[in-house]
Amino acid sequence: MVSIDLLLNAVVAGILIGGFYAAVSLGISVVFGLLDIANIAHPLFVITGSYFTFYLNSNFGLDPILVGLILMPLFFVIGNIVYQSYYHFFEKQGAEPLRGLVFFFGVLFLIEVSIIITFGVDYQLVEAAYLGESLNLGIVNVSYRLFIPFLVGVLLTTGLHFFFAKTFYGRAIMGVSQDSLALSLMGADPVRIKSVAFGIGIATASMAGALLVMILPIEPALGREYIGRVFAVAVLGGLGSVKGALFAAIILGIAESLTATYFGAAWSSGVSFGFLLLVLAVRPAGLFGR
Amino acid sequence: MKVLHDVSIEMTEGETVILLGTNGNGKSTLIKTIMGIVPPNQGEIIFESEGVQINLVGKKPQEIVNMGITMVPEGRRLFPQLTVEENLYLGAFRREARQNLERNLSYCFEVFPRLGERRTQLAGSMSGGEQQMLALARAIMSSPKILLIDEPSVGLAPILVSQLMTSIKEMKENLNLTVLMTEQNFSQATKIADRGYIIVHGKIEFRGSNVELSGNELVKQYYLGT
Ligand SMILES: Nc1ncnc2c1ncn2[C@@H]1O[C@H](COP(=O)(O)OP(=O)(O)O)[C@@H](O)[C@H]1O
Ligand SMILES: [Mg+2]
């Protein structure tokens, strides 16, 4: 017999975790989809954001969301530096994307090792008064531990969506990989545009990192666990589509949550990829791809 | 490889000048050199504005665009995965153009009502004629003083070429543009030109008014088949 309680709670938990998945995947969607840059180190930037959040929270008692906001400009600058290095050593030389992949593998290992050296391999978690509480809506129980990350993820996605749709910089970012020479003929500097876009991608990682450490304990290798899921969300939504990433993340969140509830957690990542393959077979551009 | 040899051309404000030549003679290379896309080995490109002379050599395309010189490239170079509207908004990227965005946009839709009907269509899914209209309109969105148009007639049916030339002339007059247009299509181009040059193997072989161009031996040889 199917219990309505169980079903509803699973769906709600799925939607909430989906908002968080969106935050983690946004940067991948932007950098892979709009810049054609294979930044596989993205999940590690997320983990770095988590550790910064953990550090500032445990030492100074700062609220994790506040830390996420403070980190965004810092990560934007870091993203700029990473892109400029990538540009000078690879893109400018006309290197194939595969060689760029090696660069980002390097970045990935560098970050992981730095985290292990600095923080060790123990699990870490943040604290905030509201994290243990929950909102009781009749039969559905909404914990703030999931609700706050969901809310922030949705806000981040919405903000980015309007940035791309309504601003000159946003539109330039959408056009830059389609024809960067044509973009320079519009009076924009393509390298600068890409640098800003990459910076934005990395800035979203810092906030996603803050959300991650609110939801579950982190350890340095956690990033790897997220790589698959993050790509599934970005590709499912349609690479380059911010709105798509949010919808895909919520769909995937619900699918995973239902699977975990009814068949056991071990099945849930299999479900994500099964779902991904199914959608790609029907719509290769993803749900919202152009 | 050296493509252009001792090329010297000039334009004064408000003129429509055409650069005629068949395939592979260096028309696009000259336009690209002016725009900073191809660096010249030697020589100068002087832009005079309000009594100040600036050498454009060594400047990047975006810097040149920001001075009010815009190019409609060969093959249109639209953003195929962006909509008509998004392409037009991108045309207005430069600061000076943003202030005139609404006015320029409604002007573009007035000259090319077709684009207004297709605002939300992806640029890459439109016909060749519509794409060329969009390329021209996108250039207009940048509020240029000087417009460089590289072979707008390529791949278009004669009736469309004729309409396009009329639109270029209309825009030039309404917006006080100075136009340099390359063309292979002699008869269509001379309809809107004040004067022109003929380029052969990277050298300017002839310069003159429309009338002079029409009576020229090179033109007869190249275009009129005599
Ligand atoms: N990227 C390039 N590299 C080398 N040669 C080129 C390149 N582009 C054009 N050329 C050569 O320059 C000459 C002029 O080309 P182009 O300016 O495109 O002519 P047009 O626009 O008059 O058809 C041609 O002989 C062509 O082969
Ligand atoms: Mg050409």
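Residue numbering restarts at 1 for every chain, and letters A, B, ... go by the order of the sequence lines. Just so you know, these numbers come straight off a predicted model, no measurement behind them.
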- Query: Considering residues, nucleotides and ligands other than A:Phe89, do more than 12 of their heavy atoms fall under 6.0 Å from its CZ?
  - Reply: no
- Side chain, backbone, both or neither: which part of B:Ile37 has a non-hydrogen atom closer than 4.5 Å to chain A? side chain
- Message: For B:Ala92, which atoms come within 4.5 Å of any heavy atom of chain A: side chain, backbone, both, or neither?
- Response: both
- side chain to side chain contact (heavy atoms under 4.5 Å, CB included) evaluation trace for B:Phe93 with A:Leu185: CA-CA 10 Å; B:Phe93 186 89; A:Leu185 292 176; over 6 Å; no
- Item | Which atoms of B:Pro73 approach chain A - backbone, side chain, both or neither, heavy atom under 4.5 Å | side chain
- Non-neighbouring partners of B:Phe109 that pass ring-ring contact (aromatic ring centres under 6.0 Å, His included), sequence neighbours left out: none
- Message: Within the supplied structure, the quantity of interest is the number of heavy atoms (other residues, nucleotides, ligands) at a distance under 6.0 Å from A:Phe76 CZ; does it exceed 12?
- Response: yes
- Item | Region of B:Leu122 in contact with chain A, defined by heavy-atom distances below 4.5 Å | side chain
- Query: Side chain, backbone, both or neither: which part of B:Leu101 has a heavy atom under 4.5 Å from chain A?
  - Reply: side chain
Pairs of donor and acceptor atoms, chain A with chain B, under 3.5 Å:
{"from": "A:Gln178", "atom 1": "OE1", "to": "B:Gln81", "atom 2": "N", "distance (Å)": "2.8"}
{"from": "A:Asp179", "atom 1": "OD1", "to": "B:Arg77", "atom 2": "NH2", "distance (Å)": "3.0"}
{"from": "A:Asp179", "atom 1": "OD2", "to": "B:Arg77", "atom 2": "NE", "distance (Å)": "2.6"}
{"from": "A:Gly187", "atom 1": "O", "to": "B:Asn66", "atom 2": "ND2", "distance (Å)": "3.4"}
{"from": "A:Arg290", "atom 1": "NH1", "to": "B:Gln81", "atom 2": "O", "distance (Å)": "3.0"}
{"from": "A:Arg290", "atom 1": "NH1", "to": "B:Glu86", "atom 2": "OE1", "distance (Å)": "2.8"}
{"from": "A:Arg290", "atom 1": "NH2", "to": "B:Glu86", "atom 2": "OE2", "distance (Å)": "3.1"}

